[in-house]
Amino acid sequence: MNYYDRVFEVVEQIPFGKVTTYGAIADFLALGSARMVGWALNQSHLMGIDIPAHRVVNRKGELTGRNHFPGDQTMAKRLRSEGIEVTDDTVVNFEGHLWIPAEHLL
DNA sequence: GAGGTGACGTCGT
DNA sequence: GACGACGCCACCT
C-alpha cells in the first residue's frame, strides 16, 4: 500500500458538497508534508484514476490545482455543480464547506 | 550521489 | 496584512 493509495482513499471519502485541504490530508495520513498530497493527486491524474480531486484545495480555499484539470474552469464548475460557490478561483464560505478527514474517518 | 522540482504550509520581515 | 524565504519529502534527471 503506497502512501498515494491512501491519499486516493481519503479523497474518495470526501462527501458531496464538501471540500478539504492538502494540509488536512497530510496531517491525517502523517505524510509530513502537504506537497506529498498534491504530488499524489498529480500521480492520480497521470495514472488515470478518477477521484474527486476538485474537492481538495489549499489552506486558503484557493483552487491551486485547477491548472491540472482540462480547461480553465473545470474545477470551479464541478464545485459549483455540487452546491459550492466559487469566486476568483476561491471557495466561498470555505470554512463552512470544510471537511476534516481526522474528524470523520478512523 | 547530487541537484532541481512541485495540486503546500509556516514563519519572519 | 502582503510578500519572500525556508522546510518539507518523494520523484525525476
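In the text below, chain A, chain B and the rest are named by the order of the sequence lines, each starting its count at 1. Small disclaimer: the values here were computed from a predicted structure and weren't measured.
By the 30° and 60° cut-offs, the orientation of the rings of A/F69 relative to A/H54 is perpendicular. By the 30° and 60° cut-offs, the orientation of the rings of A/H104 relative to A/W99 is parallel.
Residues A/Y4 and A/R35 both approach DNA chain C. Their nearest nucleotides, taken by heavy-atom distance, put A/R35 toward the 5′ side.
Of the charged side-chain nitrogens involved, none lies within less than 4.0 Å of a carboxylate oxygen, so that A/K18 and A/E82 do not count as a salt-bridged pair. Using a cut-off of 4.0 Å between Lys/Arg side-chain N and Asp/Glu carboxylate O, A/R66 and A/D89 are scored as salt-bridged.
Under the Watson-Crick or G-U wobble criterion, with both distances below 3.5 Å, C/dG1 has no partner in any strand shown.
One atom, CG of A/L46, and another, P of C/dC12, lie 10 Å apart when rounded to the nearest Å. In this entry the distance linking CE of A/M47 with C1' of B/dA7 reads 16 Å, nearest Å. The distance between atom CH2 of A/W39 and atom P of B/dG4, rounded to the nearest whole Å, is 19 Å. Between A/L29 atom CG and C/dC9 atom P the separation is 15 Å, expressed in whole Å. The CZ atom of A/R55 sits 22 Å away from the P atom of B/dA7 (whole-angstrom rounding). Rounded to whole Å, the distance from CG on A/D89 to P on B/dC8 is 13 Å. Here B/dG9 presents its P atom at 10 Å from CD1 of A/I25, a figure rounded to the nearest Å. Between the CG atom of A/L31 and the P atom of B/dA7 there is a distance of 17 Å, rounded to whole Å.
A donor-acceptor pair under 3.5 Å is absent between the side-chain atoms of A/N2 and the main chain of A/D5, judged by distance alone.
Considering only the side chain of A/S33, C/dC8 comes nearest among C/dC8, B/dG9, C/dC11. Across C/dG7, C/dA10, B/dG9, the shortest atom-to-atom separation from the side chain of A/Y3 is found for C/dA10. Closest to the side chain of A/N58, out of B/dA7, B/dG9, C/dG7, is B/dG9. Among the nucleotides B/dG9, C/dC11, B/dG6, the one closest to the side chain of A/M36 is B/dG6.
Base contact: A/A53 has a heavy atom under 4.0 Å from a base atom.
Counting distance only, with no hydrogens placed and no angle test, the side-chain atoms of A/R59 and the base atoms of B/dG9 include no donor-acceptor pair under 3.5 Å.
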